[in-house]
Protein chains: 2
Amino acid sequence: MEVEPSVRVTIDDVARAAGVSRQTVSRAMNGKGEISAATRRRVLATIEELEYRPSVFARGMRTRRAGTLGVILSDIANPFFPAVARGVFDAAAAHGFSVVVHNTDAHAGRESAAAREILEGGAEGVIGFFEALGDEELVALHRRLPLVVADRRAPAPTVASVSSDFATGTRLAVEHLHARGHRHLGMLDGAVGVDHVRRHAFAAAAAPGSPIVTGPPTITGGAAAAAQLLGEHPEVTALVAFNDLMAVGAIRALRERGRRVPDDCAVVGHDDLTLAADLDPPLTTVHTDKYELGRTLVETLDAVVRARRDDTGATPAPEPRLLPATLVVRGSA
Amino acid sequence: MEVEPSVRVTIDDVARAAGVSRQTVSRAMNGKGEISAATRRRVLATIEELEYRPSVFARGMRTRRAGTLGVILSDIANPFFPAVARGVFDAAAAHGFSVVVHNTDAHAGRESAAAREILEGGAEGVIGFFEALGDEELVALHRRLPLVVADRRAPAPTVASVSSDFATGTRLAVEHLHARGHRHLGMLDGAVGVDHVRRHAFAAAAAPGSPIVTGPPTITGGAAAAAQLLGEHPEVTALVAFNDLMAVGAIRALRERGRRVPDDCAVVGHDDLTLAADLDPPLTTVHTDKYELGRTLVETLDAVVRARRDDTGATPAPEPRLLPATLVVRGSA
DNA sequence: CTCCCGTCCGTGAACGTTAACGTGATGGTT
DNA sequence: AACCATCACGTTAACGTTCACGGACGGGAG
């Protein structure tokens, strides 16, 4: 077994081997400028033969592009994100991008730090599930780097956004509970985001004055919020939770207080996690296609990147996208 | 609102503003070479003032380091991975690394493609949950780039590895089932990996000839495997699943056949996913600290990277790490 | 026959940083 | 007084690629 020389094969090596100049090799790879089909083939063959791979550093130095794209989210361990992340990864790979992920725990400081790092890393653009940063910061970021915001309304007409239609989803949940005869609903809202789409949809669809308690969008957060809400409003017989984790927490809290789900109190969540159907009871929840959300985010970002490449400055406003949400009725409501 | 000039502020700008040379600015940042505390402070101040950020491209061109580290796994949407990914992200951030993730779906081609891309991206090292690649390929990869393999035995003494102690975990599961009076066990093995730690541990601890059926490590895979196993071996009253997803699938299949869990047939999984305690029935499963696994992987990789920096070539063999596994007894067994 | 234009390709420079080396000042030793 | 080590910093070159030019060649129009 021979020892690998491990010396980098550069574009000059290829040029020498193919009997052309550096620039011609570059042209053969990137398809820019005029080059005959014959020499192009020949150069490509020698590239293959020498196993030449262009240096991302040298290339990035000239082009300022790294071929990567950044994703900012609060916590990849939250089971909502992995599914959308998978969609992002797949679509990004299809477009030739690598993906860099940053977890922020919904801290404004870490969100902007992540954005800065992505910016300095030479990424082509950013996909952001921002929960703490204000609209001004996002607009400022978008001035420096193509940005697509996820599950949040566009901070300005110039910024693209892709969201799940949780407004409709929450309304469907409330209507379903009404249809089942529930008169006193309560909501467990997640202490995240600046949009409060679910909260507003709930407030609009439920009876006026229906109680809303806010907590961290986790199991324990849901348990605490449910305990508080039911303590203050014992008449409530149905809970709408910000996400499935909070719904699970609510179910736990309900059980601890001796109330049965759904007989004594119904619970409906949001997200439709992988295991939602296997919970006890099977969770009634608002379903969205998380993989598709990830895919759409990348497609949208790619469009924005492409648009900015040509038209420096006054970027045209991309149409905000809204992905459908449906209610999946199972055992918990 | 003034338009951002958007011209890059370079190290020369800082040098000029601080009244020193480029090299001194570099020294002030990187702490290499001799520099007085006074000028260092002054340079750092002007860096702050001008908001100078070094170009990763230019820096990478000289140093060949990008400050990133690659993670190769089969599918981030598999709920096992997000928890360990979070550990990786946090530890990586603490060490000043960015993280690039590649999904391979356990395809050998995509595993090596991911490795190659990470290599070309100038990453400092790779953390790999390899399931398809052979030991030789891993050793070859390790020659080009610091590598730590996860949940797999080291392909060679020179390669570091960190694994969960599933051998013990599976044995604990089998012993628990025996103690509960089960005489006929079966195993649902995942069609992944080259190690088969869980399978071998099951074969060693269970009665000779206990049936083992293999399938994809997913819910549907577990359902299909369970259906097949129970069809061929109706006497089996307890199943050990490769992971929690397969366990859930098994429970589904059991129910479809009218068998109650755990009364007619017990089920124990591996991983202890976030929602394992809230399933119906609450899942008895082998628990490991996935976040800690991620953290340890990064720490180990950092050690390997550091070791290689000094001692080019004959890298010292790092000690394989084994993280403890415990059995969490809940309702399914 | 000359001119011009399009096609194809080569040459020099530049991107921003760090490695390697060089230089002057300072202070201590012989 | 001469020397040398050490410190603190500056100068030059190089990393590998693409961009902006410019030149050679062939063919068609005048």
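Chain naming here is simple, since letters A, B, ... match the order of the sequence lines and numbering starts at 1 in each.
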Set of residues satisfying ring pair (Phe, Tyr, Trp, His ring centres under 6.0 Å) with respect to A/Tyr52, sequence neighbours excluded = none
Only counting residues at least two apart or in another chain, list the ones meeting ring pair (Phe, Tyr, Trp, His ring centres under 6.0 Å) with B/Phe129.
-> B/Phe81
Which residue, B/Met61 or B/Gln23, contacts DNA chain C at a nucleotide closer to its 5' end, judged by nearest heavy atom?
-> B/Met61
Sorted by first residue and then second, give each side chain to side chain donor-acceptor pair (under 3.5 Å) pair with at least one member in residues 111-128 of chain B; sequence neighbours left out.
-> A/Arg53-B/Glu120
Output yes when a side-chain donor or acceptor of B/Asn78 lies under 3.5 Å from a complementary backbone atom of B/Phe80, and no otherwise.
-> yes
Is there a donor-acceptor contact under 3.5 Å from the side chain of A/Thr63 to the main chain of A/Arg59?
-> yes
Starting at CZ of A/Arg59 and ending at C1' of D/dT17, how long is that distance when rounded to a whole Å?
-> 8 Å
Distance below 4.0 Å between B/Thr24 side-chain N/O and D/dC9 OP1 or OP2 | no
Could you tell me which residues satisfy side chain to side chain contact (heavy atoms under 4.5 Å, CB included) with B/Leu145, sequence neighbours excluded, listed by chain and number?
-> B/Ile118, B/Leu119, B/Val126
Which letters describe nucleotides 21-28 of chain D, given B = protein heavy atom under 4.0 Å from base, S = only from sugar-phosphate, - = neither?
-> --------
With distance as the sole test, does B/His95 use its side chain to make a donor-acceptor pair with the main-chain N or O of B/Val298 at under 3.5 Å?
-> no
Of all of residues 117-125 of chain A, which get a heavy atom below 4.0 angstrom from DNA chain C, listed by number?
-> none
A/Arg152 to A/Ser163 - nearest heavy-atom pair and separation = N-OG, 3.1 Å
For A/Arg22 and D/dA20, give me the distance from atom CZ to atom P, rounded to whole Å.
-> 16 Å
Hey, where on DNA chain C does chain B first and last touch, going 5' to 3'? Cut-off is any atom under 4.0 Å from a heavy atom.
-> C/dG16 to C/dA20
Salt bridge (Lys or Arg N to Asp or Glu O under 4.0 Å) partners of residues 37-52 of chain A, not counting sequence neighbours, each pair once = none
Please collect all salt bridge (Lys or Arg N to Asp or Glu O under 4.0 Å) contacts where either partner lies in residues 10-25 of chain B, sequence neighbours excluded, each pair once.
-> B/Asp12-B/Arg22, B/Asp13-B/Arg16
Atom pair distance, as rounded to whole Å: CZ in A/Arg64 and P in D/dT18 | 15 Å
Closest non-hydrogen atom pair between B/Pro54 and B/Met29, with its separation | CG-SD, 4.3 Å
Atom of B/Gly70, atom of B/Ala123 and distance for their closest heavy-atom approach | N-CB, 4.2 Å
Does the A/Thr296 side chain pair with the main chain of A/Glu292, one donor and one acceptor, at a distance under 3.5 Å?
-> yes
B/Ala92 to B/Leu69 - nearest heavy-atom pair and separation = CB-CD1, 4.3 Å
Rounded to 10°, the helix from C/dC1-D/dG30 to C/dT30-D/dA1 deviates from straight, judged by its five-pair end axes, by 60°
Name every residue in residues 30-46 of chain A that has at least one heavy atom under 4.0 Å from any atom of DNA chain D, in order of residue number, or write none if there are no such residues.
-> A/Asn30
Here the ring-ring contact (aromatic ring centres under 6.0 Å, His included) pairs for residues 97-117 of chain B, sequence neighbours left out, are none
